[in-house]
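The structure appears below as structure tokens.
Computed from a predicted structure; not experimentally measured. Numbered from 1 within each chain, the chains take letters A, B, ... in sequence-line order.
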2 protein chains.
Amino acid sequence: MSKPPRRPLTLRDVSEASGVSEMTVSRVLRNRGDVSDKTRTRVLEAAKMLGYVPNKIAGGLASQRVNLVAVIIPSMSNMVFPEVMMGISEILDDTELQPVVGLSHYKPEREEAVLYEMLSWRPSGVILAGLEHTDAARAMLASAGIPIVEIMDTDGEPVDAMVGISHRRAGREMGEAIVKAGYKRIAFLGTKMPLDHRARKRFEGFTQALAKGGLEIADSEFYAGGSALMKGREMTEAVLERTPDIDFIYYSNDMIGAGGLLYCLEKQLDIPGEIGLAGFNGVSLLEGLPKHLTTMDACRSEIGRKAAEIIAARTLKGAEGGGEVVTLVPEIIYGGTLRNPPEE
Amino acid sequence: MSKPPRRPLTLRDVSEASGVSEMTVSRVLRNRGDVSDKTRTRVLEAAKMLGYVPNKIAGGLASQRVNLVAVIIPSMSNMVFPEVMMGISEILDDTELQPVVGLSHYKPEREEAVLYEMLSWRPSGVILAGLEHTDAARAMLASAGIPIVEIMDTDGEPVDAMVGISHRRAGREMGEAIVKAGYKRIAFLGTKMPLDHRARKRFEGFTQALAKGGLEIADSEFYAGGSALMKGREMTEAVLERTPDIDFIYYSNDMIGAGGLLYCLEKQLDIPGEIGLAGFNGVSLLEGLPKHLTTMDACRSEIGRKAAEIIAARTLKGAEGGGEVVTLVPEIIYGGTLRNPPEE
DNA sequence: ATGAAAGCGCTAACAT
DNA sequence: ATGTTAGCGCTTTCAT
């Protein structure tokens, strides 16, 4: 029952309490170098008794190494980035590295500020979403002298390494499948986010595939904010009223897709005959809906894992590396809202 | 187009480039102390040109102050903690403080390890979920010498400050509302998590309220893992088959509640007449379902905001404080799945 | 308004 | 296996 110390404990305190030099205490606490079992035990006991917590600020300064990995993502609010985080943690949990997360809210200037802040902690590596950044951010990344992995998207030039999928291709493939299934009057529903480059690239790939099939987007609608499920429902209703002959709706994410699906089920529309639906992401959250939405897996946890592996390999194994490119290939997950192609 | 420096830049580099002492450069970069406009401009230009990023490791060691707030939560996977995080960020964004998140995965030992790791960075404060921790964790918290705010739950004794709701009371009030509405055969569906103390307390309060009304839980089911929406559906089906006279189901979270709601709608059950349903959390994610689930707001972002305010006030305004207790009172959100009490 | 010196708590490098 | 010394890059404090 000793009262809490006013001054935080230092190595010196443990050194004095155990009668061992600071250096040896440091070695014990870090499991580095040869220390006799007897000394080790004594030090550990003293440290525990005092309630000593090492000061990584001082340690980092002295060793010039900080086991932090900066992770910068746009948001936490739609489950895709939390899943990426889980993939990252899964790998880093087996190492000494620790992820530290920062949010950009899809704003490049904010991303730049967060990056600056994080780099000032001298992390061992940086993982950040997307290939589009401010010039200043790219400059900081390029001169940071640590592994940089840009994730999610591979349609562009990375500063260093990149891990992701081609969203252009993802949109194109879904477009091709829809065209092939014989749908003609196709609508697109998405988010109103000029800065969501990945959604934009999917949209581009999608329209491109339709064009190749001689089709154009028959209608489209974009939203911002609010409950995605409800927005999906509302936008679907709006589009179907405005353009009644729509026979397919491609949603830019599964959540609004689910809202649309629920709406169509309620209206007793024949899915996928009368109307087909598809989303994007493969959100397992939504398993359990009355009917499964056809969608495309964005390989989120795999992306997190690969990115973390690159950082870990270069940081810990001293592998030289640099410029790694990992392109994952998403596949359509058929869920019963996209009909089979007509027989030849 | 200068090539990236091998050695990270230091204050000295900026000092030399600008012809101003390190000390003055430091003052400019921190906006502290009097510096002439001329000097300031010169320093800022030099720093920008070189691409200098301050070293907070060194700064933190020298100043003995680190603007980090450690936040330890169980998980990111169910939207409740991300919402708490948003509340925290909302407040801290207006200050110099920065949140750093660690996850405990509902394991006390893991929480202890994460806490130790975070305390070793000497944060300005700690926010952590729940009042139940290992003895070692409580000891660390008690002797850390910084503001500690335990959040979510107020049914217990905090180490220092606490902000949350009484889950016991939340469960009791929902139980009372259900009893008052005249339901008699009441089931409970929840997660199989002995370490989720808040769910346990809600359950306790709930059974207590039923007991006061002369009722007992008629059936119950618990799940672990998997898609909550689907589990809600499956468990609802199981319970209704096993105990067909069930007239109310209380779900421990809105996600499984939504799954149950979708199942009941599909089976064309009369809600809330034939069967009533209620959840917990007030997840706006689910607005857009064909029928709204009656639930209870857990005040998540408000909890985050209040907790951050306590840390900010004590850290920045030097307010002495200590032991603040903020008890928020959640209210039932009626959504059409709980019938009105019978007329007297 | 600016500068010089000392030192934050730890670890690398070099003894012994 | 253990100890000693010299910083790591900044900020504090005290001068000027």
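Contact check for Val66(B) versus Trp121(B): no side-chain heavy atoms found under the 4.5 Å cut-off. In this structure the side chain of Met140(B) reaches within 4.5 angstrom of the side chain of Glu112(B), judged on heavy atoms. Residues Ile311(B) and Pro147(B) meet the side-chain proximity criterion, which asks for heavy atoms closer than 4.5 Å.
A salt bridge is absent between Asp155(A) and Arg198(A); no separation between the charged side-chain nitrogens and carboxylate oxygens falls under 4.0 Å.
Rotation axes derived from the C1' atoms of the five outermost pairs at either end of the helix from dA1(C)-dT16(D) to dT16(C)-dA1(D) lie 30° apart, to the nearest 10°.
No side-chain donor from either of Arg138(B) and Thr134(B) sits under 3.5 Å from a side-chain acceptor of the other. The closest side-chain donor-acceptor pair between Arg40(B) and Ser36(B), if any, does not fall under 3.5 angstrom. Between the side chains of Glu83(B) and Ser301(B), no donor N or O sits under 3.5 Å from an acceptor N or O. Checking Glu111(B) against His105(B) by side-chain atom types alone, no donor-acceptor pair falls below 3.5 Å.
Listed pair Thr39(A) / dT2(D) meets the phosphate criterion, a side-chain N or O lying under 4.0 Å from OP1 or OP2. One finds a side-chain N or O of Thr24(A) lying less than 4.0 angstrom from the OP1 or OP2 phosphate oxygen of dG3(D). The side chain of Ser21(B) contributes no N or O atom lying less than 4.0 Å from OP1 or OP2 of dA4(C).
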**OP:** Spell out protein contact along nucleotides 7-16 of chain D as letters: B when the base is contacted, S when just the sugar-phosphate is, - when no protein heavy atom is under 4.0 Å; keep the 5' to 3' order.
**Re:** BBBBBB----

